[in-house]
**Q** 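Let me give you the structure first, and then I'll get to my questions.
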Protein chains: 2
Amino acid sequence: MLKEERQQLIINEVDLHNRVLLTDLAEKLDVSVDTVRRDVKELDAGSKLRKVHGGAVSLGYTHTAARSSNIYALNEKMAIAEKAVSMLKEGAVIFIDGGTTCLEMARMIPPKLKLTCFTFSLPVALQLAGMPHVDLIFIGGRISPESMISNGAYTIQRLAEVRFDYAFLGTGYVDALHGLTEFDWDVVQLKKAVIRASKKAVLLCISEKLNSQHRFKTCDIHEINTMITELSPENNLLNLFRNQDLRLM
Amino acid sequence: MLKEERQQLIINEVDLHNRVLLTDLAEKLDVSVDTVRRDVKELDAGSKLRKVHGGAVSLGYTHTAARSSNIYALNEKMAIAEKAVSMLKEGAVIFIDGGTTCLEMARMIPPKLKLTCFTFSLPVALQLAGMPHVDLIFIGGRISPESMISNGAYTIQRLAEVRFDYAFLGTGYVDALHGLTEFDWDVVQLKKAVIRASKKAVLLCISEKLNSQHRFKTCDIHEINTMITELSPENNLLNLFRNQDLRLM
DNA sequence: TCGACACTTGCAGTTTTTTGCAAGAAAAAG
DNA sequence: CTTTTTCTTGCAAAAAACTGCAAGTGTCGA
């Protein structure tokens with residue numbers, strides 16, 4: 001077998017599976033691991049793939065890692081945000097949760113729309129503060145450094161004093177059977193308070209989170225009025241969420 | 001499983017759920033917690049996520065605001081901030097006002113110093129939220145878009161419920177005779193409330209503002225305990241402020 | 001055809017990387 | 001303040017990578 005031919009096969013294999021082990025390649029091509037190693041090293045030098053300890057990965061594969069400098073799954077989140085913004089009516093009193101999806105939504109609020117927005121997320125507040133027609137009220141309290149939101153008993157008390165037309169919420173995990181869950185107990189208490197304070201709760205959630213769960217439960221699915229994903233409402237992935245007194249969007 | 005592959009999965013999980021525990025990752029990936037810890041540490045070093053005690057959080061949340069390039073008289077403000085920071089003692093409960101000088105001060109807080117900080121300024125809060133040893137409490141309310149601080153009756157009420165060891169304040173205008181004055185009546189009410197809530201008030205003020213005044217009065221000079229300018233305390237420009245029961249710094 | 005030469009391939013020994021474990025330190029929780 | 005969890009550090013075993021070397025292969029010109 002020619003070296004050239006072998007290297008082409010290696011590239012094919014890598015592109016096909018995104019990642020391969022050197023030992024697998026050696027077995028498949030019936031050459032020694034050293035040979036494969038040398039081939040992979042050359043291909044790496046020629047930018048045909050990326051060599052890593054124990055194997056090789058395709059360039060596209062690692063490229064997704066570079067994207068994380070921005071926001072994960074930004075396109076999906078923008079699609080969700082667009083749908084969410086379309087629900088907004090002039091003069092509404094709404095709440096916007098923290099999290100990147102909700103931040104995207106805040107960004108997309110039409111500049112001319114008059115709104116009263118509550119939030120406890122610093123990034124969301126910063127975004128909304130620049131909008132002249134938005135009346136922005138920050139719900140204070142102890143700021144949790146990881147999520148940049150206020151949280152704790154004080155914040156929950158403040159939430160008991162208000163009532164929103166709509167609350168736009170994110171969640172860590174969501175499952176048709178187990179509802180909305182989080183791994184953080186404090187966050188659950190906070191989200192419960194938000195849901196109590198809102199006439200209608202709208203969940204913004206990318207489809208990748210569907211059917212995942214964690215230890216602490218925020219609420220059941222039927223306590224949510226509308227669930228927005230980046231998918232079409234007819235998508236099969238949403239089947240489990242039908243007939244739950246839930247509007248899909 | 002390749003290390004590369006594993007790290008990619010960790011990034012996905014973190015970006016997806018915003019926050020994950022090391023132990024959960026270890027279980028999911030079927031490796032020891034130590035390995036996950038090392039991976040997360042590497043990814044943190046590569047700015048793919050942020051490591052926190054017991055887990056990792058996504059960067060989407062926590063991009064700390066870079067200093068906007070052109071702050072007026074930055075060097076002077078940094079000199080003031082440095083003096084202000086030198087007053088801080090371990091465990092103190094302080095308030096930090098909005099404004100660029102106070103923001104500079106927030107930036108300069110030593111990373112290891114344990115503090116409880118109150119503020120109603122979004123930029124200051126964002127700055128402080130990145131400091132692990134600072135217990136940060138945001139005083140909520142309606143956000144005034146020009147200054148990015150909460151203001152109004154609600155905020156003033158909240159201020160009535162707390163008591164600071166030190167309040168670090170800015171002011172629009174200051175004069176030995178007329179005291180601290182502002183252009184904006186609402187701001188005056190707010191600053192009054194801050195001074196009432198603090199045992200000691202520290203004024204941060206560049207010398208350029210000395211001997212200027214405006215319509216609405218916050219307080220007299222003697223209600224301030226310490227005044228910090230970028231000048232040496234012996235400087236002649238400060239002569240009018242001596243013998244006012246005021247410490248110059 | 002022969003031999004010089006460059007290139008490739010596999011092997012063995014050494015070095016580096018990865019991984020899990022354990023003990024003490026540090027940090028969070030109660 | 002005490003208990004529990006997490007972090008750090010050093011260590012050792014295993015896996016992988018690198019290095020030098022020798023054997024094999026093919027090319028080219030005399």
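Reminder, nothing fancy here: chain letters follow the sequence lines and each chain counts from 1.
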**Q** Taking OP1 and OP2 of D/dT8, is either one under 4.0 Å from a side-chain nitrogen or oxygen of B/Lys41?
**A**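 Yes, such a contact exists.
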**Q** Could you pull out all residues at least two apart from B/Lys83 that satisfy side chain to side chain donor-acceptor pair (under 3.5 Å)?
**A** none
**Q** Could you tell me how far apart A/Asp44 (CG) and D/dC18 (P) are, to the nearest whole angstrom?
**A**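 Roughly 10 Å, once rounded to whole Å.
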**Q** Return the set of residues passing salt bridge (Lys or Arg N to Asp or Glu O under 4.0 Å) with B/Lys89 (not counting sequence neighbours), or none when no residue passes.
**A**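 For B/Lys89, no residue satisfies salt bridge (Lys or Arg N to Asp or Glu O under 4.0 Å) once neighbours in sequence are set aside.
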**Q** For A/Arg196, check salt bridge (Lys or Arg N to Asp or Glu O under 4.0 Å) against everything at least two apart and list the hits.
**A** none
**Q** Taking the six-membered ring for Trp, are A/His214 and A/Phe183 parallel (under 30°), tilted (30 to 60°) or perpendicular (over 60°)?
**A**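 Geometry flag for A/Phe183 against A/His214: perpendicular rings.
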**Q** Determine the contact category for A/Val33: base if any of its heavy atoms lies under 4.0 Å from a base atom, sugar-phosphate if only primed atoms, P, OP1 or OP2 are that close, otherwise nothing.
**A** nothing
**Q** For B/Glu42 and C/dT19, give me the distance from atom CD to atom C1', rounded to whole Å.
**A** 12 Å
**Q** Closest approach to the side chain of B/Lys51, judged atom by atom: which nucleotide of C/dT9, D/dT8, D/dA16 is it?
**A** D/dT8
**Q** Nucleotides 21-30 of chain C: which of its N/O atoms have a protein N/O under 3.5 Å away?
**A**
| from | atom 1 | to | atom 2 | distance (Å) |
| --- | --- | --- | --- | --- |
| C/dC21 | N4 | B/Asp34 | OD2 | 3.4 |

**Q** Within the 4.0 Å heavy-atom criterion, would you say B/Val52 contacts the bases, only the backbone, or no part of the nucleic acid?
**A**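 Since only primed, P, OP1 and OP2 atoms lie under 4.0 Å of B/Val52, the category is sugar-phosphate.
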**Q** Nearest whole angstrom, please: distance from the P of C/dT18 to the CG of B/Leu29.
**A** 16 Å
**Q** Less than 4.0 angstrom between a side-chain N/O of B/Arg6 and OP1 or OP2 of C/dT19, yes or no?
**A**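 Yes.
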**Q** Determine the interplanar angle of the A/Phe120 and A/Phe95 rings, folded into 0 to 90°, and report it as parallel if under 30°, tilted if 30 to 60°, perpendicular if over 60°.
**A** perpendicular
**Q** Output a table of donor-acceptor pairs, distance under 3.5 Å, between side-chain atoms of residues 216-224 of chain A and any protein atom two or more places apart or on a different chain; print 'none' if there are none.
**A**
| from | atom 1 | to | atom 2 | distance (Å) |
| --- | --- | --- | --- | --- |
| A/Lys217 | NZ | A/Asp220 | OD1 | 2.6 |
| A/Glu223 | OE2 | A/Asp220 | N | 3.2 |

**Q** Can you tell me the distance, in whole Å, between the CD atom of A/Glu4 and the P atom of C/dT8?
**A**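 One finds 10 Å between P of C/dT8 and CD of A/Glu4, rounded.
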**Q** Between atom CD in B/Gln7 and atom P in C/dT19, what is the gap in whole Å?
**A**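 Rounded to whole Å, this separation is 9 Å.
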**Q** In whole Å, what is the span from the CG atom of B/Leu22 to the C1' atom of D/dT5?
**A**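 Those two atoms, CG and C1', are 12 Å apart.
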**Q** Among residues at least two apart in sequence or on other chains, which ones pass salt bridge (Lys or Arg N to Asp or Glu O under 4.0 Å) with B/Glu161?
**A**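 Salt bridge (Lys or Arg N to Asp or Glu O under 4.0 Å) check on B/Glu161 returns B/Arg158.
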